[in-house]
A.B. asks: 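Okay, here's the structure, questions in a sec.
Per chain, numbering begins at 1; letters A, B, ... match sequence-line order.
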There are 8 protein chains.
Amino acid sequence: ERCGFPEVIFGTGKSAETVIEIAGRLLAHDQHVLATRIEAEKAKQVLERLSDARYNPVARTIRIDANPRGPEVGHVAVITAGTSDLPVAEEARETLAWMGVRATMVHDVGVAGPHRLPERLAEFRDTDAIVVVAGMEGALPSVVGGYVPCPVFAVPTSVGYGANLGGLSALLAMLNSCASNVAVVNIDAGFKAGYLAGLVATRRGTV
Amino acid sequence: ERCGFPEVIFGTGKSAETVIEIAGRLLAHDQHVLATRIEAEKAKQVLERLSDARYNPVARTIRIDANPRGPEVGHVAVITAGTSDLPVAEEARETLAWMGVRATMVHDVGVAGPHRLPERLAEFRDTDAIVVVAGMEGALPSVVGGYVPCPVFAVPTSVGYGANLGGLSALLAMLNSCASNVAVVNIDAGFKAGYLAGLVATRRGTV
Amino acid sequence: ERCGFPEVIFGTGKSAETVIEIAGRLLAHDQHVLATRIEAEKAKQVLERLSDARYNPVARTIRIDANPRGPEVGHVAVITAGTSDLPVAEEARETLAWMGVRATMVHDVGVAGPHRLPERLAEFRDTDAIVVVAGMEGALPSVVGGYVPCPVFAVPTSVGYGANLGGLSALLAMLNSCASNVAVVNIDAGFKAGYLAGLVATRRGTV
Amino acid sequence: ERCGFPEVIFGTGKSAETVIEIAGRLLAHDQHVLATRIEAEKAKQVLERLSDARYNPVARTIRIDANPRGPEVGHVAVITAGTSDLPVAEEARETLAWMGVRATMVHDVGVAGPHRLPERLAEFRDTDAIVVVAGMEGALPSVVGGYVPCPVFAVPTSVGYGANLGGLSALLAMLNSCASNVAVVNIDAGFKAGYLAGLVATRRGTV
Amino acid sequence: ERCGFPEVIFGTGKSAETVIEIAGRLLAHDQHVLATRIEAEKAKQVLERLSDARYNPVARTIRIDANPRGPEVGHVAVITAGTSDLPVAEEARETLAWMGVRATMVHDVGVAGPHRLPERLAEFRDTDAIVVVAGMEGALPSVVGGYVPCPVFAVPTSVGYGANLGGLSALLAMLNSCASNVAVVNIDAGFKAGYLAGLVATRRGTV
Amino acid sequence: ERCGFPEVIFGTGKSAETVIEIAGRLLAHDQHVLATRIEAEKAKQVLERLSDARYNPVARTIRIDANPRGPEVGHVAVITAGTSDLPVAEEARETLAWMGVRATMVHDVGVAGPHRLPERLAEFRDTDAIVVVAGMEGALPSVVGGYVPCPVFAVPTSVGYGANLGGLSALLAMLNSCASNVAVVNIDAGFKAGYLAGLVATRRGTV
Amino acid sequence: ERCGFPEVIFGTGKSAETVIEIAGRLLAHDQHVLATRIEAEKAKQVLERLSDARYNPVARTIRIDANPRGPEVGHVAVITAGTSDLPVAEEARETLAWMGVRATMVHDVGVAGPHRLPERLAEFRDTDAIVVVAGMEGALPSVVGGYVPCPVFAVPTSVGYGANLGGLSALLAMLNSCASNVAVVNIDAGFKAGYLAGLVATRRGTV
Amino acid sequence: ERCGFPEVIFGTGKSAETVIEIAGRLLAHDQHVLATRIEAEKAKQVLERLSDARYNPVARTIRIDANPRGPEVGHVAVITAGTSDLPVAEEARETLAWMGVRATMVHDVGVAGPHRLPERLAEFRDTDAIVVVAGMEGALPSVVGGYVPCPVFAVPTSVGYGANLGGLSALLAMLNSCASNVAVVNIDAGFKAGYLAGLVATRRGTV
Ligand SMILES: Nc1ncnc2c1ncn2[C@@H]1O[C@H](COP(=O)(O)O)[C@@H](O)[C@H]1O
Ligand SMILES: Nc1ncnc2c1ncn2[C@@H]1O[C@H](COP(=O)(O)O)[C@@H](O)[C@H]1O
Ligand SMILES: Nc1ncnc2c1ncn2[C@@H]1O[C@H](COP(=O)(O)O)[C@@H](O)[C@H]1O
Ligand SMILES: Nc1ncnc2c1ncn2[C@@H]1O[C@H](COP(=O)(O)O)[C@@H](O)[C@H]1O
Ligand SMILES: [Mg+2]
Ligand SMILES: [Mg+2]
Ligand SMILES: [Mg+2]
Ligand SMILES: [Mg+2]
Ligand SMILES: [Mg+2]
Ligand SMILES: [Mg+2]
Ligand SMILES: [Mg+2]
Ligand SMILES: [Mg+2]
């Protein structure tokens, strides 16, 4: 579990054996399984044993449905600044899929190509919440926040070099966002941003 | 305006004159006014000119209603670790009031008095979102996050001394929270956390 | 002089007496005078003695022309994210005026109000160089850099609170800009950015 | 030796040969041996030569008793937030065993699962001292400190990612603990916390 | 109260009125009173109302005994590197007095005068615990730790200039101490170190 | 693309396949190709497919001309402090070649050999702009800036050890340069400095 | 005394009374007195009581000779980058005077005016040791180190703004100096650099 | 060469070929050769070609004498806190040997074993200068500085873990040393400290 939320398996430092064991226990309780931070080799071992498991090699996640799912609820957009931010965005998307939330992906609309984001506004203006994934200067969440009225969950990524300080520069920029609707999660924490956006989206769905 | 959200006046560095002028313009457009970071002296000048304005000296905010309000919607809890966190919590509460959202205050339930929080669970278990304000070790959002299924917006405060680094220690702790439902805003940013929680609460309300 | 450019007086730590003395020496050599970082009180003393001196209280600069000036050359835009960035922008503008360069001011077009900048593009698309002044998340230079083909000199300001770290957050963001045409100067260094932009603009003018 | 305490061998950078040689010397003086930070490969070499040595692969420690031991004295609890904190906790436990102090392990009771710690209070309420091992937000020592009247020795671990800064975030949180009875040791320093707790426990035992 | 130990009043940000009110409540429950971080002016107001209160202007503490005390128990030494460390050391001493623990003060024995500490060893060799207070390079705890077998609680102070970083340099040095028996508390946290040492000393006393 | 400038391929994290595909698209639009951060192995794969591509193994860049080039315009000097700064300087030089700008290389003239730079002044006194590449103490841009009237684009490199902090020390020194004509780019960002200098040089050329 | 060198009084935090008392004790032992970090007001009080004391208001030092001095020995140069570095340089010079060492001052020869230092080489080429005082980019010690064969003691100053980080940028630059003969002392520590240079100079003198 | 001191070869990033070539040139000019930071494999290649070269695998240095040497001059002590500091100390010792200075090694006398240093005082009390090498808390230079009247060149090492921050903690401690005669060089810079001490020692020798 990722600190007290037994339903999500945080793969770092866990053996394939342990992942399989926890997944089995969850399925036995009719809970959908999500495992994050699973490297390819470990995933292979898990998939050999759990035939329903699907591995997303970009997100490095495994998902297993405990039972047939109903239609997706709500709507969350996952927006990236550049292609290097994709793995983190995919982790968010898998998290939303596991929660049963509809997700729209909008890629490669970073601020230095300022025409690209407005062109795609129609795809995410009516969302319940938005996940914005960006490295380097971490400016995209502020711009997105300026276009939409819903909560924006910003994920800084460790993409960059030199003074990017492993993602700290993007993190600091996002915390200082002058858009009022931007909240921040840890560097590369695609799961967390997806989970928070999913919570907002499913709450609406349940009314 | 606080960076593109003309309806909220960020008082730092603005003269009473400027605050009055912007407030007047908002009221003329039938918009409720919220001004934050207004010191007592400046507030006095504003209140002399705008008789409907109400000043909260702890939050250092001014609010003016443009027209009669309907009943409050949604439900947000604002929880503090200690009494020194009060000003930031009050800023969040005023922001929620301005948005028309019902707020419950739960004060002084920091983690080193571990019996205090559970005793008050009933007051915030059914909320739409929670604002948690804490300085020093910044541990309270994780604990709150473990008790509730809704989004938690954590606000680190600059309360403390020595290695608290002006709030950075609490900020870092909150970003590293092992509770999945904790998002973070800037140090002392009570307004932002209140605004985000309010967005979640009103969206539900509008369905 | 400390830095080898005798023609600009850095006022910090210099007495009015010293400023007057250096200014006198420059005028005697037929050089236009620019003094930066001059507080109001010190400026008053200088102006009492040097009647041609003009003080800009926002920029905190003094200028004195050694002789009549010809028409301005080149074109530089000075763009700010918010009103708090004004003093730094004014220091850049005064520097350009001292260099005899035409300057256009574009204010308050920060990224969280994403409609504002494009509306004003016409004013700065044909410039020789651009100075962008921004605090908080420091995102504006990247966006400007995406719209124009000329060099952008980014000035982080110490505007903000909490995790803005006295301007370091904006500085780091700007250094990590994914726009190729963005160079950075020290926090609050309006003079330096103005000077660099002026160098680019006057070089073209001298061909 | 670990800086002047010849009775404990700090394995980092020492060859198996050197470890064996120091251990031999200690045993010749009838001193129990503890060696920390011994990787598996090096341990294998040591065990081949010193048949009484026991290796704990999780703690990465080797212990050899110089002579039969009497009953354990005192009582120390070693508490962890999550499973990744285990190696550091085991290093503390081995240190206590080497000192002849009774140790109780309480695992995986991190703050984001707030029900888990109170359920196990009975196991550590009467201890002489407590070692608390936690990474990420480093919040557990404050909570434990609020439940017990004895000294708490907090060990931050480098467990986490992104803004955990290799354990610095947990370290800073612990230093800012608002519980009065929390002292802190270096990141991952399980040995030190165990040693300090053991000192407190054995002193009581000797009265 | 913020931190769960209601019996100690942390004066920062509390009015004289509040301090008097809490002190009264504690005395009514027959509890000895300790208030820390009380500036001279505030102390004067408190002493006017509570005639039994004694103010220590160096420590900036107030103490009031609820009832006659028995003889002191245990033995703690409080050792300083230089005279500037005195206020923090005095806060520790007052805390020990409030706990009823015997304290020995050993002043101005910093490492750059290496003859001074050994000369005074006799005064603290038999203590239950030691508080070492040092700023600048923070080296003294390691040396003391090398002389004694009991726990050492190191308090970094913000004494110094330049690269002392407000006490961070001393803090980091102490965390890296190569003496096994050194634990660390927050910068300038004389209260905390005194409290921890007092806990060790009184536990022995109660056997 | 390097964030919105589709004409330059930033190789980090891109497969040879992707590089080839983008390069092909650019050539089809008659655009000269520049790809940076291409490791030797990846370059080999690209060159096997694109026969006109030239790889610079020191700069780790690939260039392909879309059509015959006219004569070079403008003049930029690229100056290095030491031989370890060569790769970054070469990246700048390749960028200038791709832009069609004449470049002069002046190597190994770091400040601790203070006779070397003045001896070579003649080679760069008449340039349009200068790129200065330096690691360690990052002092060279200030000295160069003192000799020339044109803009200086300073690139800190990650060359050094210990307190060089991966280039941060040189970066900070350059930001604090007391020469007015020094602007700074990210650590190791040879491309950016070359691009900015090229923009200045080609603008002059276009008059 | 804090630091083991009883003959120098560190004025920070000491009352005029204490300074006078220590000075008297030193004079009674026939020792020359040096007191550093003495503000003007405190100095006035000291001079009223000790008539032989001489105060240097720039250096903020007091000196009193215990007895007539012989001729000065050795030769140390104290070199500054800019006029703001003067107070620190003067502290070094007073320290050398107190040690009886001949000092040459070379001011305002910072690296951005690269012609100035070589012109004055004759004044310091034959020195026993050199003190170099510089803020901002801290580049001067490397250049001086390249001209002379003797030890250079570099003092970073807190002169500057923005990313100078209170002198840390200059400190880091100096530590990374590529001149082999450059050692560094704390920020603003003119006394220490003067003392070290004086030790080198007097040792030669005593042969 | 990078740093203007052609006689010392900094091996990092240089091929065996380059080292051999520079060494050959130096020998042709009758200069003794010192090469630092040479890994074992590279050393082997150099020694195959230059038969007089001697490799010190702990120091990772190569030395070649250009001609027979006279007797050593002066006296420098190289003191280490622990065995892990040995490589850096050996680099200093080899530098002194190359300069023709007599060196005394005093090992493993770190502050947490406070009896060890005084026992060996006789070995270094009469030295011209002292090199002190220490990691972790970096306290040893202050203690040594308190015993001797000559300059102390302190070298922080990157030895340690957790909050040692790659040697920064020791560096900061040394800069804050309260001993007046302690100067500091970069982390792990054994060469620099040896060179500075050697300069002091040979100057005396030349009188
Ligand atoms: N506001 C400013 N920010 C940064 N540098 C400045 C500023 N004003 C002047 N300078 C630089 O400082 C030099 C003068 O320094 P000084 O000799 O101390 O008066 C000028 O020639 C400029 O290079
Ligand atoms: N000087 C001090 N330094 C650190 N913590 C203190 C100090 N004085 C009191 N405290 C702690 O703060 C608690 C009271 O905080 P509060 O509720 O804000 O009065 C006490 O119970 C102690 O745990
Ligand atoms: N300006 C200064 N900077 C650094 N250290 C100083 C300074 N002045 C005096 N000291 C040192 O501080 C010692 C005296 O400290 P104290 O016992 O606090 O007076 C002196 O012997 C010097 O070693
Ligand atoms: N281990 C070392 N640490 C620091 N500086 C060194 C070291 N070895 C050589 N140097 C310096 O680097 C210069 C040579 O640099 P380079 O031109 O890169 O070979 C020498 O003259 C020394 O000043
Ligand atoms: Mg892209
Ligand atoms: Mg000057
Ligand atoms: Mg605005
Ligand atoms: Mg767990
Ligand atoms: Mg409280
Ligand atoms: Mg003293
Ligand atoms: Mg070189
Ligand atoms: Mg040892």
A.B. asks: Below 4.5 Å, heavy atoms only, C-beta onward: do Val185(D) and Phe191(D) meet side chain to side chain?
C.D. replies: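 No, too far: nothing below the 4.5 Å cut-off.
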
A.B. asks: Given heavy-atom pairs under 4.5 angstrom as the criterion, report whether the side chain, backbone, both or neither of Leu171(B) touches chain D.
C.D. replies: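 For Leu171(B), there is no contact with chain D at all, as no heavy atom is under 4.5 Å.
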
A.B. asks: Across chain D and chain B, what donor-acceptor pairs are shorter than 3.5 angstrom?
C.D. replies:
residue	atom	partner	partner atom	Å
Glu137(D)	OE2	Ser142(B)	OG	2.3
Glu137(D)	OE2	Cys178(B)	N	3.0
Ser142(D)	OG	Glu137(B)	OE2	2.3
Ala163(D)	O	Asn176(B)	ND2	2.9
Asn164(D)	N	Asn176(B)	OD1	3.2
Ser169(D)	OG	Asn176(B)	ND2	3.3
Asn176(D)	OD1	Asn164(B)	N	3.2
Asn176(D)	ND2	Ala163(B)	O	2.9
Asn176(D)	ND2	Ser169(B)	OG	3.3
Cys178(D)	N	Glu137(B)	OE2	3.0

A.B. asks: Would you mind reporting whether Val106(B) and Val78(B) have side-chain heavy atoms less than 4.5 Å apart?
C.D. replies: no

A.B. asks: Within the structure provided, determine whether Val148(D) and Phe124(D) are in side-chain contact (heavy-atom separation under 4.5 Å).
C.D. replies: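 They are in side-chain contact.
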
A.B. asks: Side chain from CB out, backbone as N, CA, C, O: work out which of these in Leu117(D) comes under 4.5 Å of a heavy atom of chain B, or both, or neither.
C.D. replies: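 Neither part.
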
A.B. asks: Tell me, do Ile79(D) and Val131(D) make a side-chain contact under 4.5 Å, heavy atoms counted?
C.D. replies: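 No, side chains not in contact.
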
A.B. asks: Report yes if some heavy atom in the side chain of Ile62(D) is under 4.5 Å from a heavy atom in the side chain of Leu47(D); otherwise report no.
C.D. replies: yes

A.B. asks: I need the minimum non-hydrogen distance between Val182(B) and Pro141(B), along with the two atoms involved.
C.D. replies: CG2-O, 3.7 Å

A.B. asks: How close do Ala201(B) and Val76(B) get, counting heavy atoms only, and between which atoms?
C.D. replies: CB-CG2, 3.8 Å

A.B. asks: Hey, which of Ala139(D), Pro114(D), Ala173(D) has the most heavy atom pairs under 4.5 Å with chain B?
C.D. replies: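 The answer is Pro114(D).
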
